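Below is one structure, written out as structure tokens, with a few remarks after it.
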Amino acid sequence: SVTQTYFVMGSYERCLETYHDDLGYIGALALLLMGKNDDAAALVAERERWRQAPLGASFLQALRALIEGRRDDCVGLTDAAIERFHLRGEELFYMARHYAWAEEPARAVRALARSVESGYFNFPTLERDPWLQPLRGNREFEALLQQAARRHQQAHAMFVKAGGPQLLN
């Protein structure tokens with residue numbers, strides 16, 4: 001959870017500092033965003049050799065295609081994962097990132113809409129994620145950002161009302 005938080009904050013070095021032996025997906029993404037493509041590819045290849053659950057294997061296969069620049073394969077593998085598994089929230093957010101990278105804005109926005117609907121409305125992340133920048137100016141994406149911002153503000157207000165800030169001190 002800490003690793004994931006650092007990743008969505010864009011703190012990729014801290015993400016890797018807290019990263020442990022797991023699927024390898026978030027670590028590989030952090031490496032990619034730091035410009036360490038070879039290291040990301042090596043991490044994915046290593047983790048693909050581990051015994052992975054089908055969902056994890058699907059994420060890694062799509063990410064490997066992305067790292068290798070195989071756009072059509074990345075889209076096909078991402079489509080297959082969305083069709084095969086009951087993805088929600090963060091999982092759909094990451095699938096949307098695949099689509100945005102592959103220059104598939106309609107697919108990316110659909111996946112993001114499902115992500116927000118299922119409870120992933122991390123507005124700061126959606127607003128600043130570098131892979132989502134190509135969606136800027138897309139009317140549906142901008143409406144989705146506004147929806148996420150409203151839900152994020154509502155959640156924050158509930159957190160404050162429940163005394164959350166005092167718990168963090």
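All values below were derived from every heavy atom in this structure, side-chain atoms included, with hydrogens, water molecules and symmetry-related copies excluded. Remember, predicted model here, so these are calculated numbers, not experimental data. We're numbering straight along the sequence, starting at 1.
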Could you tell me how the ring of [X] sits relative to the ring of [Y]: parallel (under 30°), tilted (30 to 60°) or perpendicular (over 60°)?
X: Tyr12; Y: Phe7; value: tilted
X: Phe123; Y: His152; value: tilted
X: Tyr25; Y: Tyr94; value: perpendicular

Quiz item: Considering all heavy atoms of both residues, which atom of Cys74 and which atom of His98 are nearest to each other, and what is their separation?
Solution: SG-CB, 4.0 Å

Treating [X] as the side-chain partner and [Y] as the backbone partner, does any N or O pair qualify as donor plus acceptor under 3.5 Å?
X: Glu104; Y: Ala96; value: no
X: Ser118; Y: Gly89; value: yes
X: Ser115; Y: Leu92; value: no

Side-chain touch [X]/[Y], heavy atoms, less than 4.5 angstrom:
X: Val44; Y: Gln61; value: no
X: Val116; Y: Phe93; value: no
X: Asn122; Y: Val8; value: yes
X: Ser58; Y: Gln52; value: no
X: Glu127; Y: Arg136; value: yes
X: Met9; Y: Thr5; value: yes
X: Leu31; Y: Asp38; value: no
X: Trp131; Y: Leu29; value: yes

Exercise. Please check if atom CD in Gln147 has more than 12 non-hydrogen atoms from other residues, nucleotides or ligands closer than 6.0 Å.
Key: yes

Self-check item: CD/Gln166: more than 12 non-hydrogen atoms of other groups inside 6.0 Å
Solution: yes

Practice problem: Start with the C-alpha gap between Arg14 and Glu17, add the side-chain angles, then the distance that decides, and say whether salt bridge (Lys or Arg N to Asp or Glu O under 4.0 Å) holds. | Solution: CA-CA 5 Å; Arg14 292 296 312 258; Glu17 288 170 9; 3.0 Å; yes

Quiz item: Who pairs with Asp39 by salt bridge (Lys or Arg N to Asp or Glu O under 4.0 Å), at least two apart in sequence or on another chain?
Solution: none

Quiz item: How many angstroms lie between atom CG of Leu87 and atom CG of Leu55, to the nearest 0.5 angstrom?
Solution: 6.0 Å

Self-check item: Straight-line distance of Phe85 CZ to Glu91 CD, nearest 0.5 Å
Solution: 9.5 Å

Salt-bridge present ([X], [Y]; N to O < 4.0 Å):
X: Arg139; Y: Glu142; answer: no
X: Glu103; Y: Arg71; answer: no
X: Asp79; Y: Arg107; answer: yes

Quiz prompt | Residues forming a ring pair (Phe, Tyr, Trp, His ring centres under 6.0 Å) with Tyr99, sequence neighbours excluded | solution = none

Exercise. Mind running side-chain contact (heavy atoms from CB on, under 4.5 Å) on Leu16 and Met34 for me, showing each step along the way?
Key: CA-CA 11 Å; Leu16 292 173; Met34 293 171 67; 3.5 Å; yes

